[in-house]
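Inspection log for the structure reproduced underneath, given as structure tokens.
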Amino acid sequence: MSVDLGRRVLVLRRRRVAVRLEWRSLVVCAVLAVALAAMAVLALMTGSYQLSPGQVVSALTGGESGLVHDIVVEWRLPRVAAALVFGAALGVSGAVFQSMLRNPLADPSVIGFSQGSYTGALIVILAVNGTYAQLVGGALLGGMATAVAVYLLAYRRGVQGFRLIIVGIGVSAMLDSINVWLILQADLEQAMAAAAWGAGSLNGVSWSQVAVGGACIAVLLLQAAMLSRPMRQMELGDDAAASHGVRVSPTRLGLVVVGVALTATVTAASGPIAFISLVAPQIARRLARTAGITLAPAAFVGALLCLTADYLAQHVAPTPLPVGIITVVLGGGYLGWLLFIEARRRL
């Protein structure tokens, strides 16, 4: 009797902790949603033609017409919507890989998947000057081919997260060289356009790209949500997950496809926006104080980081900068700190 009572008490305590963490995640997501709304209004207000918060809200609700409506809805809102949607996709993609590989350094832009997607899209741009749908296909093929290559090169009686990251960094450097060579071989106009796009930029993003990319990302986020429970169980190890009924290999394959597809969709629309998928899951985990990586807070943090970085890119310098430059500056220092922490842990 006493043993059964002790087990029940332990189960109740675990449930209470789980409920407490779930409520904290919900509160964190609500606070981040408010911050996103405030940042979006600020981005819609600021520019060469300054607007008031009332004018922005009125334009969004249909109360404005003419120049103010065009500035808010047609010119600035597509960029803000793209930053929100693409940032959320990058945050979830980073959360998937960091959870699956159980390593905070597991990021598509670090282990080569973003560079592979960029290579695939770059070939489509330079070879056939393809449409957005063709860019998505090329980026997806490039990212998946890179994922397969990294996985095979890192396989030694299984795949360990740290080995895969080291191999991915090497593959990423090789793909960077290939991308530079492709640009150098192109015509001047194509090379300039590809180089500017390759820095990661939301300049010129249209409603059609936001709509198509948003639809693809919505489907992929739904798939990621469906895989979130087995993904969290796999953080305990493959054997422990299998003992709980998780089909480890199909689940891992599904997570890789979802993570690469999210990265490829964003890359096809805006180029490779680096480091958001690295930073967002870790910030979200610290805010929610969860033991592992959770997808919803990572999505909100990714959206806020991308929107904030794009706002700084437009207004921090005399001329607008690609958003990728700001994320590289911010994320590079964070990556160095993570590498230092990981090296100390393994000494």
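Index from 1, following the sequence.
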Quiz item: Hey, does Gln314 have a side-chain heavy atom less than 4.5 Å from the side chain of Arg79?
Solution: yes

Practice problem: First locate atom CG of Leu36, then atom SG of Cys306, and finally report the distance between them rounded to the nearest 0.5 Å. | Solution: 10.5 Å

Quiz item: Does the Glu74 side chain pair with the main chain of His69, one donor and one acceptor, at a distance under 3.5 Å?
Solution: no

Quiz item: In the single-linkage hydrophobic clustering (I, L, V, M, F, W, Y; side-chain heavy atoms under 4.5 Å), do Val92 and Val219 co-cluster?
Solution: no

Quiz prompt | Nearest heavy-atom neighbours spanning Ala298 and Pro281 | solution = CB-CA, 4.1 Å

Quiz item: Is Leu222 reachable from Val256 through a run of I, L, V, M, F, W or Y residues, each pair having side-chain heavy atoms under 4.5 Å apart?
Solution: no

Quiz item: Which atom pair, heavy atoms only, marks the closest approach of Ala43 to Leu307?
Solution: CB-CD1, 4.4 Å

Quiz item: Is the number of heavy atoms from other residues, nucleotides or ligands under 6.0 Å of Glu189 CD greater than 12?
Solution: no

Quiz prompt | Taking every non-hydrogen atom, the tightest pair across Ile71 and Tyr49 | solution = CD1-CD2, 3.5 Å

Quiz item: What is the distance from atom CG of Leu312 to atom OG1 of Thr327, rounded to the nearest 0.5 Å?
Solution: 11.0 Å

Quiz item: What do the steps show when you test Leu51 against Arg76 for side-chain contact (heavy atoms from CB on, under 4.5 Å), and what is the final call?
Solution: CA-CA 12 Å; Leu51 299 173; Arg76 295 179 184 174; 3.9 Å; yes

Quiz item: Is there a side-chain contact between Leu330 and Phe275 (heavy atoms, below 4.5 Å)?
Solution: no

Quiz prompt | Candidate list Asp176, Thr267, Asn179, Thr146, test side chain to side chain donor-acceptor pair (under 3.5 Å), partner Thr119, passing option | solution = Asn179

Practice problem: Kindly give the heavy-atom pair with the smallest separation between Val124 and Gly138, and that separation in Å. | Solution: CG2-CA, 3.9 Å

Exercise. Using a 4.5 Å cut-off on heavy atoms from C-beta on, say whether the side chain of Leu60 contacts that of Val41.
Key: no

Quiz item: Do Ser58 side-chain atoms and Gly54 backbone N/O form a donor-acceptor pair below 3.5 Å?
Solution: no

Quiz item: Checking side-chain contact (heavy atoms from CB on, under 4.5 Å) for the pair Thr265/Val212: CA distance, chi angles, key distance, verdict?
Solution: CA-CA 9 Å; Thr265 304; Val212 175; over 6 Å; no

Quiz item: Under a 4.5 Å side-chain heavy-atom rule over Ile, Leu, Val, Met, Phe, Trp and Tyr, are Leu122 and Val180 clustered together?
Solution: no

Exercise. Tell me, with the steps shown, if Ile293 and Glu235 meet side-chain contact (heavy atoms from CB on, under 4.5 Å).
Key: CA-CA 9 Å; Ile293 304 294; Glu235 291 179 358; 4.2 Å; yes

Quiz prompt | Atom pair OG/CZ of Ser25 and Arg285 - distance to nearest 0.5 Å | solution = 12.0 Å

Self-check item: Point-to-point distance, once rounded to the nearest 0.5 Å, from CG of Leu255 to CE of Met234
Solution: 6.0 Å

Exercise. Say whether Leu253 and Leu141 are linked into one hydrophobic cluster, either directly or through other cluster members, by side-chain heavy-atom distances under 4.5 angstrom.
Key: no

Quiz item: Can you name the nearest heavy-atom pair linking Ala280 to Gly91, along with the distance?
Solution: CB-CA, 4.1 Å

Quiz item: What distance separates Cys216 SG from Leu140 CG, expressed to the nearest 0.5 Å?
Solution: 9.5 Å

Quiz item: Quick one: are Val80 and Tyr311 in side-chain contact, heavy atoms under 4.5 Å?
Solution: no

Quiz item: Going by atom types only, do Gln282 and Arg286 share a side-chain donor-acceptor pair under 3.5 Å?
Solution: yes

Quiz item: Ile178 versus Gln115: any side-chain heavy-atom pair under 4.5 Å?
Solution: no

Quiz item: Side chains of Leu262 and Ile217: does their closest heavy-atom pair fall under 4.5 Å?
Solution: yes

Quiz item: Are Leu42 and Leu304 connected, step by step, through hydrophobic side chains (Ile, Leu, Val, Met, Phe, Trp, Tyr) whose heavy atoms are closer than 4.5 Å?
Solution: yes

Self-check item: Intermediate values then yes/no, side-chain hydrogen bond (donor to acceptor under 3.5 Å, both in side chains), Thr263 and Ser93
Solution: CA-CA 7 Å; Thr263 302; Ser93 177; 2.9 Å; yes

Practice problem: Measure from the side-chain N and O atoms of Thr61 to the backbone N and O of Val57, and report whether any donor-acceptor pair falls under 3.5 Å. | Solution: yes

Exercise. Give a yes or no answer on whether the side chain of Thr308 reaches the backbone of Leu305 with a donor-acceptor pair at less than 3.5 Å.
Key: no

Exercise. Compare all side-chain heavy atoms of Leu126 with those of Gln185 and state whether any distance is below 4.5 angstrom.
Key: no

Practice problem: Start with the C-alpha distance between Gln190 and Ile125, add both sets of side-chain angles, then the distance that settles side-chain contact (heavy atoms from CB on, under 4.5 Å), and finish with yes or no. | Solution: CA-CA 8 Å; Gln190 286 183 321; Ile125 291 175; 5.8 Å; no

Quiz prompt | Ser117 side chain to Phe113 backbone, donor-acceptor under 3.5 Å | solution = yes

Practice problem: Flag yes if more than 12 heavy atoms outside Met174 fall under 6.0 Å of its CE atom; otherwise flag no. | Solution: yes

Practice problem: Over all heavy atoms of both residues, which pair between Pro230 and Val246 is shortest? Give the atoms and the distance, please. | Solution: CB-CG1, 3.8 Å

Exercise. Give, for atom CG of Leu321 and atom CG of Asn203, the distance between the pair rounded to the nearest 0.5 Å.
Key: 9.5 Å

Practice problem: State, yes or no, whether a side-chain contact exists between Tyr118 and Leu175 at a heavy-atom distance under 4.5 Å. | Solution: no

